[in-house]
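None of these values were measured; they are calculated from a predicted model.
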Amino acid sequence: MKSVCLALLMLSLPIRAGAAEFPLALDGGKPAASISLPDEWKPRDGAHGVEGTSPDGLSFLVAKIIKPDEQSAGIYNDETTAYFEEQGVAFSHVKDDADPKTTDTDTKINGLDTFVSRLDEPTVFKGAPTVVTYYAIPLGETQTLNIVTRGPSGDQKLVAIVGTVKAIP
């Protein structure tokens, strides 16, 4: 586990040089966490949270604080999935009564407990395979940082950016 955190920290070091740190808050309240996105990703506040797209357009990240309940998480994930589909991400067809297959793990990012869920169903962006990953980071009992990424398998830029997340006391 320590090696995972160390790897995330080491990967995040090059990102910080030309990056902007974005404070994240629930409903415009006091910031509870921050994430740094590289300047060349042209980060912006969007309807779904702080968003950024890699210069080649293949990798994407969105981060937002939500209430830590299943309804809020479900709404956010549905909105994000619809947004991905608008961008041209093609999800494989899953039967209406079936849950998509995922690989779920628990880890820590900068000391924060993190639930990671990677969608195992085939997804494609601009004709190339892409991986969609959800991160849920509880920030106390009243809020959770949700991060959703899409990018080529093994995209270390996304791992490094997620590794910049930190809690704001």
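We find the CG-OG distance between L61 and S54 to be 10.5 Å, quoted to the nearest 0.5 Å. With values rounded to the nearest 0.5 angstrom, L112 atom CG is found 8.5 Å from L145 atom CG. The structure places CG of L119 at 10.0 Å from OG1 of T130, a figure rounded to the nearest 0.5 Å. Distance check, rounded to the nearest 0.5 Å: CG of L58 to NZ of K126 gives 7.0 Å. Once rounded to the nearest 0.5 Å, the distance linking NZ of K64 with CD of Q143 reads 13.0 Å. Here OG1 of T123 is found 11.0 Å from CD of E85. Values are rounded to the nearest 0.5 Å.
Between D39 and A19, the shortest heavy-atom contact is OD1-C, 3.6 Å. Between D113 and I137, the closest heavy-atom pair is O-CG2, 3.6 Å. Here the shortest heavy-atom pairing between V132 and R150 reads CG2-CB, 4.2 Å. Contact record, A33 with I65: CB-CD1, 4.5 Å, taken as the closest heavy-atom pair. When all heavy atoms are compared, the tightest approach of P38 to I161 is CD-CD1, 3.5 Å. What you find for T164 and S36 is that their closest heavy atoms are OG1-N, 2.9 Å.
Aromatic ring orientation, F84 versus F60: perpendicular (interplanar angle above 60°, classes split at 30° and 60°).
Side chains of V50 and V62 form no contact here, defined as non-hydrogen atoms less than 4.5 Å apart. Between I75 and Q71, the closest side-chain pair of non-hydrogen atoms falls below 4.5 Å. Contact check for S59 versus W41: side-chain heavy atoms found under the 4.5 Å cut-off. Side-chain contact between S34 and F22: absent, with no pair of heavy atoms (C-beta onward) separated by less than 4.5 Å.
Of the residues V148, V116, D155, the one that meets the side-chain contact (heavy atoms from CB on, under 4.5 Å) test with T133 is V116. Partner Y135 forms a side-chain contact (heavy atoms from CB on, under 4.5 Å) with one of V165, T144, V162, T107 and no other, that one being V162. Paired with S117 under the rule side chain to side chain donor-acceptor pair (under 3.5 Å), one option of D104, T103, N77 passes, and it is D104.
Remark: the backbone N or O of G163 is paired with a side-chain donor or acceptor of N110 at under 3.5 angstrom.
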Working for side chain to side chain contact (heavy atoms under 4.5 Å, CB included), residues I35 and L24:
CA-CA 8 Å; I35 189 167; L24 301 163; 4.0 Å; yes
Working note: Y76 + K67, criterion side chain to side chain contact (heavy atoms under 4.5 Å, CB included); need CA distance, chi angles, decisive distance, verdict.
CA-CA 10 Å; Y76 178 70; K67 293 178 181 171; over 6 Å; no
After noting the C-alpha distance and the side-chain angles of S72 and D69, does the key distance pass the side-chain hydrogen bond (donor to acceptor under 3.5 Å, both in side chains) rule?
CA-CA 6 Å; S72 295; D69 59 50; 2.9 Å; yes
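Applying the salt bridge (Lys or Arg N to Asp or Glu O under 4.0 Å) test to E21 and every residue at least two apart in sequence or in another chain returns K166. In this structure D78 satisfies the side chain to side chain contact (heavy atoms under 4.5 Å, CB included) test with no other residue, sequence neighbours excluded.
In terms of hydrophobic clustering, with Ile, Leu, Val, Met, Phe, Trp and Tyr side chains grouped at heavy-atom distances under 4.5 Å, V159 and F115 are assigned to different clusters. Y134 and V131 are assigned to two separate hydrophobic clusters, defined by single-linkage of ILVMFWY side chains at heavy-atom distances under 4.5 Å.
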